[in-house]
Amino acid sequence: MKKQCFLAVLAGLSLGFQVQAQSSADLNTRLQNGKVLVDQQKYELAMAELLPLTSSATGKTFAADAAYLYSVAAAKQKKWAEADKMLTQLTAEHPAWGGLPDAQYLHGHVLFEKKEYLRALNALAPIQGMQEEVANIKRHYMMLLPDKATFQYLMRQFSEDATLAKAYADKLASGWYTAQDRSHLEDLVRKFNLDRSYLQRTEAVKKNEYNIAVLLPFNQPENRVQVDKKNLFVTDFYAGMAAAQDSLQKQGIRVNLFPYDTRNDTALVRKIMTMPELGTMDLVVGPIYKNNSTLAAKIAQERSLNMVNPFSDDQEILKGNPYLYLMETSVATQGQRAAAFAYQTFPKKTAVIIYGSDKDDTVFASSFRNTYISLGGKVLTYHRFNPKVGSGISGALATTNLKDLGVLVVKSNALNVATGTIGYLEQRASKVPVMVPQAWLEHPQIGMSQLDFLEMYFLAPKYVDLENPTVQRFRKNYSSRYNLPPSSFTFSGFELLMYYGKQLQQNGYAVPLRLSGVQPGVFYQGVGYMNNASAKQTQDNQYLPILKLENGRFLVVNPVF
């Protein structure tokens with residue numbers, strides 16, 4: 001089995017049955033059937049087919065192979081307990097089996113997923129001939145370990161493990177470091193011949209100027225950047241950064257931009273990210289396409305380069321990488337902030353959450369529910385529906401009692417959901433607070449007077465007040481220069497460089513960056529990476545503007561200050 005089959009493995013199973021005598025041909029046929037079922041991703045059927053063969057009663061010819069395939073099938077379904085128990089049986093009863101290193105590797109992965117770090121490291125320790133794979137899996141999971149004391153304990157148990165040593169040094173440099181760690185860090189650098197820059201990364205370095213690499217698909221024939229009407233969202237974004245560079249210069253903050261044209265070429269991204277000159281950058285912005293971004297983030301982590309993804313709102317891409325940031329407020333954080341506002345603002349502490357079938361809808365709804373309950377609120381209904389099937393939003397709302405409700409949350413951008421919800425509330429002259437996406441404001445079928453009448457709150461992560469005098473002056477100057485109005489991407493590029501430029505000037509360069517709390521932006525309502533509840537630096541923008549229509553004007557009901 002290829003190693004990729006091991007990356008989603010699981011655990012244990014209780015055996016306790018007699019295997020009836022079968023011929024060798026019958027057992028082999030059953031084993032092959034189980035293998036085919038695993039290949040076809042029919043994991044439940046595979047487990048049922050293979051389970052009888054895993055008993056020692058079938059003989060060593062089939063039991064080990066069957067136990068391994070069973071464990072793979074269990075892992076694919078994240079049944080970690082079943083996989084753990086079967087792999088423990090396999091390694092104990094068949095120590096001479098030819099595929100034992102694969103089984104031990106799989107067992108290590110399963111145990112890491114169960115957060116049994118000591119057992120996982122012990123399972124991986126005997127493996128021979130797979131040094132790179134073993135080092136990678138250990139580093140991946142150890143970088144996810146959130147508890148410093150546990151990591152220190154494991155370091156004592158595996159004091160000669162170079163992979164653990166480097167991972168621990170990275171964790172120290174990523175925020176765990178205290179003055180008491182200095183001697184230990186020096187010992188690690190000396191013993192494992194680590195880069196001596198680890199000793200400097202624990203302190204921020206103030207510079208006269210800061211270098212920022214910008215990796216975007218400019219798709220231009222020459223090694224330069226021009227703002228034109230082609231590839232507009234990219235050129236708009238970079239034009240915003242260039243405008244912010246000028247503004248920072250006037251404030252005495254010098255930021256140098258180094259644009260790199262990535263096109264949409266993974267090989268080109270790899271080439272750029274491995275250039276020696278990237279090591280001189282204080283920040284890397286981009287790339288933006290998913291495959292390119294994933295690859296670049298991995299290399300950035302290996303090279304300890306600070307990187308910000310300007311457009312993604314997926315918190316999942318941050319896991320295990322302390323040097324990666326999101327300029328956007330992640331969908332999960334949006335759910336948390338919306339729930340906190342609802343609980344603190346609305347007198348009744350009850351909520352109904354209705355959400356669509358898209359991934360973002362599900363992530364938001366789950367985050368809202370968990371946060372609201374943790375604060376002391378009660379979720380009366382938590383209902384998922386498909387906007388394209390059946391009664392849709394009408395059916396979801398039909399069972400909702402608005403009378404004693406604190407807040408109604410509807411998470412779906414679909415037009416029929418927006419119009420259906422508003423129509424339902426209008427018919428009942430409802431004044432229940434309703435939290436919905438900003439995208440509803442973009443539907444021309446919905447009138448402002450309808451929204452003004454209802455108690456609608458709009459979640460607007462990238463809200464820009466076009467009536468703000470500062471915004472109006474910028475729009476006028478930008479349009480005069482480029483003969484085009486600034487787009488949302490222009491504002492995004494401007495805010496990104498303004499925020500990070502000021503943070504570098506204020507806090508100095510460090511790996512990872514030292515970032516301040518939420519503060520007002522120039523055009524955005526707020527930008528910041530600190531979670532005030534825990535005082536721990538986060539990696540996605542923590543501020544979510546919430547709008548309400550009052551007398552025909554939108555008001556931000558949760559201003560930063």
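Quick caveat: nothing in here was measured; it's all calculated off a predicted structure. Every heavy atom of this structure was used, including side-chain atoms; hydrogens, water molecules and symmetry mates were not.
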Let me have the donor-acceptor pairs involving side chains of residues 242-257, under 3.5 Å, with sequence neighbours excluded, atom names and distances please.
residue, atom, partner, partner atom, Å
Gln245, NE2, Val255, O, 2.8
Ser247, OG, Ala243, O, 3.3
Arg254, NE, Glu209, OE1, 3.0
Arg254, NH1, Glu209, OE1, 3.2
Asn256, ND2, Glu209, OE2, 3.3
Asn256, ND2, Asn211, OD1, 3.0

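Aromatic pair Phe489/Phe237: centroids not less than 6.0 angstrom apart.
Remark: Arg139 engages Asp170 in a side chain to side chain donor-acceptor pair (under 3.5 Å) (not counting sequence neighbours). Glu277 pairs by the salt bridge (charged side-chain N to carboxylate O under 4.0 Å, His left out) definition with nothing, not counting sequence neighbours. Looking at residues two or more places apart in sequence or on another chain, you find no side-chain contact (heavy atoms from CB on, under 4.5 Å) involving Thr399. When the side chain to side chain donor-acceptor pair (under 3.5 Å) test is applied to Lys207, the partners found at least two apart in sequence or on another chain are Asp282. Residues passing the salt bridge (charged side-chain N to carboxylate O under 4.0 Å, His left out) test with Asp540: none are found, sequence neighbours excluded. Checked against side chain to side chain donor-acceptor pair (under 3.5 Å), Lys148 has the following partners two or more places apart in sequence or in another chain: Asp181. Phe523 meets the ring pair (Phe, Tyr, Trp, His ring centres under 6.0 Å) test with Phe474, Phe491, Phe494; sequence neighbours excluded. Among residues two or more places apart in sequence or in another chain, the salt bridge (charged side-chain N to carboxylate O under 4.0 Å, His left out) test is passed with Lys349 by none. Not counting sequence neighbours, the partners of Tyr382 by the ring pair (Phe, Tyr, Trp, His ring centres under 6.0 Å) test are Tyr355. With sequence neighbours excluded, no residue satisfies salt bridge (charged side-chain N to carboxylate O under 4.0 Å, His left out) with Arg428.
Expressed to the nearest 0.5 Å, how far CG of Asp313 lies from OG1 of Thr329 amounts to 9.0 Å. Considering CH2 of Trp440 and CG of Leu459, their distance stands at 10.5 Å, rounded to 0.5 Å.
Ionic pairing of Asp361 and Arg384 is not present here: no N-O contact between side-chain nitrogen and carboxylate oxygen is shorter than 4.0 angstrom.
Side-chain contact between Leu504 and Leu513: present, with at least one pair of heavy atoms (C-beta onward) separated by less than 4.5 Å. Under the 4.5 Å side-chain criterion, counting only non-hydrogen atoms from C-beta, Leu408 is in contact with Ile354.
The salt bridge (charged side-chain N to carboxylate O under 4.0 Å, His left out) pairs that include a residue from residues 456-470 are Glu328-Lys462, Glu467-Arg553, where partners are two or more places apart or lie in different chains.
For Tyr323 against Gln301, the heavy-atom pair with the smallest separation is CE1-O, 3.6 Å.
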